[in-house]
Visitor: 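Pasting a structure below so you can have a look.
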Amino acid sequence: MTDTSNAELIEAGRKIFAGDWQFIWASPSIETLPPMKGVEVAFAGRSNVGKSSLINALTGRNGLARTSHTPGRTQELIFFDGPTPADGKDAGLRLVDMPGYGYASAPKSQIASWTTLIHKFLQGRANLARVYVLIDARHGFKDVDTDVLKTLDRSAVSYQVVLTKADQVKKSELENTITATKAALVKHPAAFPEVLVTSSRTGDGMPELRAAMIRLLRERI
């Protein structure tokens with residue numbers, strides 16, 4: 001199956017993300033990571049790009065992931081486990097909220113330690129199936145985003161770009177951003193070519209993102 005808009009995938013995604021998602025672990029260092037289990041997908045992005053809001057919108061639970069208007073507040077790798085359906089189908093998906101990169105109101109030494117944590121996690125997590133790199137649709141790629149994509153390329157970690165806050169951009173501007181994003185991704189060998197467009201506020205794009213994760217889960221099991 002290659003079409004994330006496939007009705008069956010969207011329905012399967014709706015069911016699993018409507019279930020009981022729970023916070024299970026917070027890791028400030030590689031040494032404190034939880035045991036590898038199931039299939040993990042991680043969310044990366046600049047500080048305040050909307051990772052926590054996206055996770056809340058995906059699961060329909062406003063308080064699951066902590067949100068903040070202060071960039072850099074998420075300082076750990078945060079793990080969330082999904083429900084196990086009665087039939088066992090589509091079980092074993094885990095979401096990972098990564099510390100924001102780029103600007104953060106924190107000492108440089110702390111920012112450096114977060115960056116090291118992210119890089120080591122990407123390179124050493126065998127059950128990490130994909131990283132969703134969140135890009136603010138109002139701004140597009142920044143230099144720091146490009147640096148992270150290069151790290152993902154070197155780590156040979158499959159990743160896909162998700163544009164966030166699409167509801168805050170005019171349609172014509174959004175189309176231009178999508179086109180420019182796809183053109184930039186051609187230069188990155190580990191990038192998944194399809195760009196997903198979302199809004200945590202309106203829910204736009206959430207069914208397609210859920211479906212993409214279900215397809216990925218089934219490919220890995």
Visitor: Could you report the tightest heavy-atom contact between N6 and E8, atom names first, then the distance?
Guide: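 Between these two residues, the closest heavy atoms are OD1-N, 2.9 Å.
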Visitor: Kindly give the heavy-atom pair with the smallest separation between F17 and M213, and that separation in Å.
Guide: CZ-CE, 3.6 Å
Visitor: How far apart are the closest heavy atoms of A190 and L152, and which atoms are they?
Guide: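 Smallest heavy-atom distance, with atoms named: CB-O, 4.2 Å.
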Visitor: Please name the pair of heavy atoms, one in A137 and one in L174, separated by the smallest distance, quoted to 0.1 Å.
Guide: CB-CD1, 4.0 Å
Visitor: Would you say the side chain of I55 lies within less than 4.5 Å of the side chain of F80, judging by non-hydrogen atoms?
Guide: yes
Visitor: With rounding to the nearest 0.5 angstrom, report the CG to CD distance, L185 to Q160.
Guide: 9.5 Å
Visitor: Begin with the C-alpha distance, continue with both residues' side-chain angles, and end with the deciding distance and a verdict on side chain to side chain contact (heavy atoms under 4.5 Å, CB included) for R215 and L9.
Guide: CA-CA 7 Å; R215 182 182 66 189; L9 285 174; 4.1 Å; yes
Visitor: Find out whether V195 and L163 are in side-chain contact, i.e. whether some heavy atom of one side chain is under 4.5 Å from a heavy atom of the other.
Guide: yes
Visitor: State plainly whether one hydrophobic cluster holds both L216 and M36, where clusters connect Ile, Leu, Val, Met, Phe, Trp and Tyr through side-chain heavy atoms under 4.5 angstrom apart.
Guide: no
Visitor: Heavy atoms, side chains only, cut-off 4.5 Å: are K120 and S29 in contact?
Guide: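 Heavy-atom side-chain distance check fails, nothing below 4.5 Å.
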Visitor: Mind checking the CG-OG1 spacing from D204 to T198? Nearest 0.5 Å is all I need.
Guide: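 Between atom CG of D204 and atom OG1 of T198 there are 9.0 Å.
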Visitor: For the side chain of W21 and the backbone of L58, is there at least one donor-acceptor N/O pair under 3.5 Å apart?
Guide: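 Such a contact is absent between W21 side chain and L58 backbone.
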Visitor: Before you tell me yes or no, could you show the steps for N56 and L54 under side chain to side chain contact (heavy atoms under 4.5 Å, CB included), namely the whole-Å CA-CA distance, both residues' side-chain angles and the distance that decides it to 0.1 Å?
Guide: CA-CA 5 Å; N56 289 338; L54 184 77; over 6 Å; no
Visitor: May I have the step-by-step check of side chain to side chain donor-acceptor pair (under 3.5 Å) for S52 and D97, ending in yes or no?
Guide: CA-CA 7 Å; S52 297; D97 186 5; 3.1 Å; yes
Visitor: When rounded to the nearest 0.5 angstrom, what distance separates CD in E76 from OG1 in T32?
Guide: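 If I round to the nearest 0.5 Å, the distance is 7.5 Å.
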Visitor: Starting from the C-alpha separation in whole Å, work towards a yes-or-no answer on side chain to side chain contact (heavy atoms under 4.5 Å, CB included) for R201 and K165.
Guide: CA-CA 8 Å; R201 187 178 68 83; K165 307 182 183 182; over 6 Å; no
Visitor: Do the charged groups of D153 and K187 touch, with an N to O distance under 4.0 Å?
Guide: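 No, no charged N to carboxylate O under 4.0 Å.
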Visitor: With side chains defined as the heavy atoms from C-beta onward, is the minimum distance between V161 and Y132 less than 4.5 Å?
Guide: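 V161 does not reach Y132 side chain to side chain.
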Visitor: Distance from W25 atom CH2 to R94 atom CZ, nearest 0.5 Å?
Guide: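 W25 CH2 to R94 CZ: 8.5 Å, rounded to 0.5 Å.
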Visitor: Does N127 use its side chain to pair, donor to acceptor, with the backbone of K37 at less than 3.5 Å?
Guide: yes
Visitor: Do F43 and V133 have side-chain heavy atoms sitting under 4.5 Å apart?
Guide: no
Visitor: May I ask whether F121 and V144 are part of the same hydrophobic cluster, defined by side-chain heavy atoms of I, L, V, M, F, W, Y residues being less than 4.5 angstrom apart, directly or through others?
Guide: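 In one cluster: yes.
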Visitor: Between R218 and A12, what is the shortest heavy-atom contact and its length?
Guide: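 Looking at all heavy atoms of both residues, the shortest contact is NH2-CB, 3.5 Å.
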Visitor: Hey, is D145 close enough to R46 for a salt bridge, meaning N to O under 4.0 Å?
Guide: yes
Visitor: Could you check Q22 against R61 for side chain to side chain contact (heavy atoms under 4.5 Å, CB included), going step by step and ending with a plain yes or no?
Guide: CA-CA 10 Å; Q22 295 287 338; R61 295 185 59 187; 4.0 Å; yes
Visitor: Determine whether R138 and D167 satisfy the following criterion, salt bridge (Lys or Arg N to Asp or Glu O under 4.0 Å), listing intermediate values before the conclusion.
Guide: CA-CA 9 Å; R138 300 171 299 177; D167 61 297; over 6 Å; no
Visitor: Please report the shortest heavy-atom distance between V49 and D136, naming the atom on each side.
Guide: CG2-N, 3.4 Å
Visitor: To the closest 0.5 Å, what do you measure between CD1 (I78) and CG (L95)?
Guide: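 I78 CD1 to L95 CG: 12.5 Å, rounded to 0.5 Å.
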Visitor: Could you tell me the separation between the CG atom of L77 and the CE atom of M98, rounded to the nearest 0.5 Å?
Guide: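 Rounded to the nearest 0.5 Å, the CG-CE separation comes out at 5.5 Å.
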Visitor: Quick one: does any side-chain atom of S53 pair with a main-chain N or O of S200 as donor and acceptor, under 3.5 Å?
Guide: no
Visitor: Would you verify whether the NZ or CZ of R130 falls within 45 degrees of the ring axis of Y159 while also being under 6.0 Å from that six-membered ring's centre?
Guide: no
